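These numbers were taken from a predicted model, which means no experiment stands behind them.
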Amino acid sequence: MSALGEAVKLILSGDSELFSICLRSLRFSASSIALASVIGIPLGFLLKLKSFPGRKLILVIVNSLMALPTVVVGLLIYSLISRSGPFGSMGMLFTPAAIILGQVILVLPIVTSMVYGSVSNMDPRLPETLQTLGANGIHYTSMMVSEMKGPILSAVLAGFGRAIGEVGVSMMLGGNIRWYTRTITTTISLQTSKGEFELGLALGIILMIIAFTLNFLIHLAVRNE
């Protein structure tokens with residue numbers, strides 16, 4: 001209980017390192033989910049609404065990648081950007097860019113699959129109605145996205161939750177460097193291994209608050225549809 005009390009005091013004191021870690025985690029996760037959304041949302045629509053060679057194979061790959069452990073993603077990216085890897089000369093290892101890249105690969109299948117599933121469940125008369133009204137190109141796409149904004153928001157929030165809660169990618173690709181690549185989850189892991197629980201507990205409380213907030217927002221998004 002004393003460690004929990006100290007953790008609460010640490011949060012209330014406005015500790016600069018604690019909130020720096022939180023802001024860094026939020027920035028990394030927001031960047032990765034933004035990039036994954038730019039790719040995953042159109043891809044989800046494309047896989048459902050268009051027929052093209054390789055479509056089924058892409059669906060199988062997307063569904064398979066949803067269950068990929070974070071350490072495996074971290075290992076794959078590490079092998080590519082380490083000094084001996086094909087992209088080692090880019091100097092990405094142990095940088096924020098490496099963490100964001102790994103998180104994009106981690107959450108992209110989630111966003112794509114959830115958007116695909118939502119489009120599959122929508123009223124089949126909607127695309128026909130939009131085409132009858134003369135909508136095409138950007139107008140057609142914007143109308144479809146507008147009609148599906150609730151499920152799309154749910155997919156984005158679920159992806160964000162996955163990104164901010166992962167530890168394998170951030171640890172392997174970021175190196176857990178203080179004031180640079182250290183995130184909420186890597187700090188919790190480090191503090192636990194050192195037997196210093198106050199900072200880890202404080203970050204755990206903040207991570208739980210973020211998780212509850214995301215779940216609440218997802219609930220609102222689904223309920224409003």
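When all heavy atoms of L68 and L106 are compared, the pair lying nearest together is O-CD1, 4.0 Å. Closest of all the heavy-atom pairs between L214 and L157 is CD2-CD2, 3.7 Å. Scanning both residues, Q103 and F28, for their nearest heavy atoms gives OE1-O, 3.4 Å. Nearest heavy atoms, G102 versus L173: CA-CD1, 4.0 Å. Considering all non-hydrogen atoms of both residues, V156 and S37 come closest at CG2-OG, 3.5 Å. Closest of all the heavy-atom pairs between P151 and S118 is CB-OG, 3.1 Å.
Within the 4.5 Å cutoff, the side chain of I206 has heavy atoms near those of the L18 side chain. By the 4.5 Å heavy-atom criterion applied to side chains, M171 and L190 are not counted as neighbours. Two residues are said to be in side-chain contact when any heavy atoms from C-beta on lie closer than 4.5 Å; T185 and I164 fail this criterion. Contact of the M172 side chain with the L75 side chain is registered, since non-hydrogen atoms from C-beta on lie closer than 4.5 Å. Under the 4.5 Å side-chain criterion, counting only non-hydrogen atoms from C-beta, V167 is not in contact with V71.
Taking the side chain to side chain contact (heavy atoms under 4.5 Å, CB included) definition, one finds that K56 meets it with nothing, sequence neighbours left out. With sequence neighbours left out, Y180 forms a side chain to side chain contact (heavy atoms under 4.5 Å, CB included) with T95, P96, I177. In this view, V38 satisfies the side chain to side chain contact (heavy atoms under 4.5 Å, CB included) rule with no residue, not counting sequence neighbours. By the salt bridge (Lys or Arg N to Asp or Glu O under 4.0 Å) test, R55 is found to be paired with no residue, residues two or more places apart in sequence or in another chain being considered. The salt bridge (Lys or Arg N to Asp or Glu O under 4.0 Å) search around K50 returns none, not counting sequence neighbours. With sequence neighbours left out, P42 forms a side chain to side chain contact (heavy atoms under 4.5 Å, CB included) with no residue at all.
Connection of V62 to L57 is not established within any shared hydrophobic cluster, with ILVMFWY side chains joined at heavy-atom distances below 4.5 Å, either directly or through further cluster members. Under the 4.5 Å side-chain heavy-atom criterion for ILVMFWY residues, a single connected hydrophobic cluster contains both M92 and L80. At a threshold of 4.5 Å between side-chain heavy atoms, the hydrophobic network of Ile, Leu, Val, Met, Phe, Trp and Tyr places I210 and L23 in two separate groups. Residues L217 and I41 are members of one and the same hydrophobic cluster, defined by side-chain heavy-atom contacts under 4.5 angstrom among Ile, Leu, Val, Met, Phe, Trp and Tyr. Both M148 and V115 sit in one connected hydrophobic cluster of ILVMFWY residues. Membership requires side-chain heavy atoms under 4.5 Å apart, directly or through other members.
Within the model, atoms CZ of F94 and CD1 of I99 stand 10.5 Å from one another, a figure rounded to the nearest 0.5 Å. Summarising the geometry, atom CD1 belonging to I184 is positioned 10.5 Å from atom CG belonging to L199; distances are rounded to the nearest 0.5 Å. One finds the CG atom of L59 at 4.5 Å from the OH atom of Y116 (value rounded to the nearest 0.5 Å). Atom-to-atom distance recorded for I77:CD1 and L93:CG is 11.0 Å, nearest 0.5 angstrom. Atoms CD1 and CZ, on I152 and F45 in that order, are 4.0 Å from each other to the nearest 0.5 Å. With rounding to the nearest 0.5 Å, the separation of OG in S29 from CZ in R24 is 12.0 Å.
Under the 3.5 Å distance criterion, the side-chain polar atoms of T112 are left unmatched by any main-chain donor or acceptor of P109. Of the possible donor and acceptor atoms, none in the side chain of S32 sits under 3.5 Å from a partner among the backbone N and O of V104. Formation of a donor-acceptor pair under 3.5 Å by the D15 side chain with backbone atoms of I11 is not found in this model. In this structure a side-chain-to-backbone donor-acceptor pair under 3.5 Å is missing from R182 to T187. The main-chain N or O of Q191 is never found under 3.5 Å from a side-chain atom of E196 such that the two would form a donor-acceptor pair.
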**Request:** Apply side-chain contact (heavy atoms from CB on, under 4.5 Å) to N176 and S170, showing your working.
**Result:** CA-CA 7 Å; N176 201 23; S170 298; over 6 Å; no
**Prompt:** After noting the C-alpha distance and the side-chain angles of C22 and L203, does the key distance pass the side-chain contact (heavy atoms from CB on, under 4.5 Å) rule?
**Reply:** CA-CA 8 Å; C22 293; L203 290 168; 3.7 Å; yes
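There is no side-chain donor-acceptor pair under 3.5 Å between T70 and E166. Counted by atom type alone, T186 and S189 present zero donor-acceptor pairs between their side chains at under 3.5 Å. No side-chain donor from either of S31 and R27 sits under 3.5 Å from a side-chain acceptor of the other.
Salt bridge status for R178 with E17: present, with a side-chain N to carboxylate O gap under 4.0 Å.
Atom CZ of F52 sits in a crowded spot, with more than 12 heavy atoms from other residues, nucleotides or ligands closer than 6.0 Å. The neighbour count for M122 CE, taken as heavy atoms of other residues, nucleotides or ligands under 6.0 Å away, is above 12. Taking a 6.0 Å sphere around CZ of F19, one finds it holds more than 12 heavy atoms contributed by other residues, nucleotides or ligands.
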